[in-house]
Amino acid sequence: MRSFFTRSTVSKVAGWIALAAAVLATVNPVSAQQPAASVVQAAPAPQVQPAQQPLAPPPPPSWQQGRPESMKSSTLAPNPPGLTAKPASEMKLDKIKLLPGFSIELWAQGLPNARSIAVGAKGTVFVGTRLIENVYAVVEKDGKREVKTILKGLYRPNGLVFHNGALYVAELSRILRYDNIEDNLDNPPKPVIVFDALPKDEPHGWKYMTLGPDGWLYFNIGAPCNACVPPDTHAAIVRVDPKNGVMETVAKGVRNSVGMAFHPNTKELWFTNHGRDWLGEDMPNDTLHRVSKKGVHFGYPYCHQGDFVDPELGKGRSCAEFTPPALKLGPHIAPLGMRFYTGKMFPAEFRNRIIIANHGSWNRTNKIGFNLMQVTLDAQGKPVKYEPFAEGWVDGNNYWGRPVDVQVMNDGALLVSDDVAGALYRISYKK
Amino acid sequence: MRGVSCLFAGAWLVAAQAIAADVEAGRAKAEVCVACHGLNGNAVLPGVPSLAAQPAMHTFLQLVQFREKRRRDPQMSPFAEKLTDRDMQDIGAYFAAQKAAPSSFVVDANKAAIGRKLLEAHHCGSCHMPDLSGQNQIPRLAGQNVEYLVKQMRGLKDGSRRDIDGTMASAAQALSVQDIDNLAHYLASVK
């Protein structure tokens, strides 16, 4: 087996870290002394952002790469984005199929483009967005639930982590920290810049971020394309130490991950990954991965789903060179947020099962996904069952909502975000 | 995981999301727009886009972009400021139901011929549809105003028009100023 971490790779990665460190040094980001810019000034003005040059040379149009001649005139195109919040009357929750004993309710509405969920120590539910500039907070006061837009003017604020009283927000190319946020929801402090040397590529540039048991922030740097040989800095899961801005590569060969979580017992990182487009209706699978060793390479762009060599980019390569996924999840279903079920409300067999939110397909004639799936692991952490948990956001090829993230609440219920309905749902269980 | 695809396979339907919008209500709400966007949304002023036969989803989402100030234009922005989501859905449905008047654009045949080749080489029709009538969030380009097309393509390339999710900005990166001119000539002439 060919070792992935060849000399040149190591030196390039080191160079990347050095570069990041150099930028860090100049902006002195973690210093509380630094007059942190206000959100409005700190966030690049929307009009300016795309003009800033990405570190990588601008890739050819991302949708076009790797599309075979036979599919050049296919009219499949990415699904329309959700930019508004739907009225409750357009959410067909009565159509959602659940297992016996489970029920779903509309928990909060009026959150356009609702994406990743994080929960504060005092119970505040934070929700990020990808295509609009907001971060929301949902609070319960006197038995009433209220949605506040706490941050505005951010650029693709998709990644959220709550840690030590602070809200960390991952924008497209930087990570911000808002201290003591739960006591200041109506007047959030100016952010401290934790890290701002990330690539500025738009394709797969938005982040999913989670907190490691080691206190580091883990997130994706997706491939800046559908199928290409990415720069060494991309197609990876990385981590940043929020204390000093040191950055390290955790896993390579990851096309794009928009969902990850640590196993509650083994403390290993698991993540979902999107397979490439334009290789047919049923190929390749999107995948679930387990990082048993830092620095493992999962195959992209040479090998997909652990056993399928890329027809173009994989020439001369073999899947045996790479670490296979833990599970194939289905083609084009777009798995996003995932969590281990650690609550006490659901029946005992749910303990430590993985629940995955599937955003749903576009690169396929018949739409699939648009559901929640569950993965049961055996004692060795091997997936042994993969089955539906909740479905019904799509009817034929019409969808009314798209699940994005899942979050286990203190009472053991499961929150689900939806960026097309602009809402949060709560799934609960009663014997 | 073969079972997954069978489990969720459904009947093939048009991919558009059903929006419960009202064409008649949209007609009334669009009365103020006609001054610039023309009768039934067929514009005649240079630099103003036609809205007739645009996919409802596209008109809706662009109006949201103007209202939320993610897309700006000194003439257009004020008219989106006070519209509700519902207004925008109705207006989108109304313009989608209007017939596009045949293009009266006087073509530079040379430019249009080059533009047509470029369109094929870049596979613009795969998203914008082979007849350039658009689909869902992707706009109709056939017969669109030539000055408007040039301004949008330049803006999408340099970021002064920020698109919603980066899809079209990435498609515009490969286009030169000359390409844009030639493409606009061809697009404006398509009936």
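Please read these numbers as outputs of a predicted model, since none were measured by experiment. The sequence lines fix the lettering, A, B, ..., with proteins before strands; numbering per chain opens at 1.
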Review point. Is the number of heavy atoms from other residues, nucleotides or ligands under 6.0 Å of B:Phe79 CZ greater than 12?
Key: no
Point to revise | Value rounded to 0.5 Å, distance of CD in B:Gln137 from CG in A:Asn79 | key: 7.5 Å
Practice item. For B:Ser126 and A:Ser74, work out which heavy atoms get closest and say how close. Key: CB-O, 3.1 Å
Point to revise | Contact check, side chains of A:Glu202 and B:Ser170, non-hydrogen atoms, under 4.5 Å | key: no
**Study point:** Heavy-atom proximity to chain A below 4.5 Å, by part of B:Gln65
**Key:** side chain
Study note, to complete from the structure: Note: A:Pro81 and B:Ile164 closest approach over all heavy atoms is CG-CG2, 3.5 Å
Check your understanding: Is the count of non-hydrogen atoms from other residues, nucleotides or ligands lying under 6.0 Å from A:Lys382 atom NZ greater than 12?
Key -> no
Study note, to complete from the structure: Bottom line for B:Asp165: the part with an atom under 4.5 Å from chain A's heavy atoms is both
Check your understanding: Are the side chains of B:Glu68 and A:Leu83 in touch, meaning some heavy atoms are under 4.5 Å apart?
Key -> no
Exercise for review: Answer yes or no: is there a side-chain heavy-atom contact under 4.5 Å between A:Thr75 and B:His128?
Suggested key: no
Review point. Hey, is B:Arg86 close enough to A:Glu90 for a salt bridge, meaning N to O under 4.0 Å?
Key: no
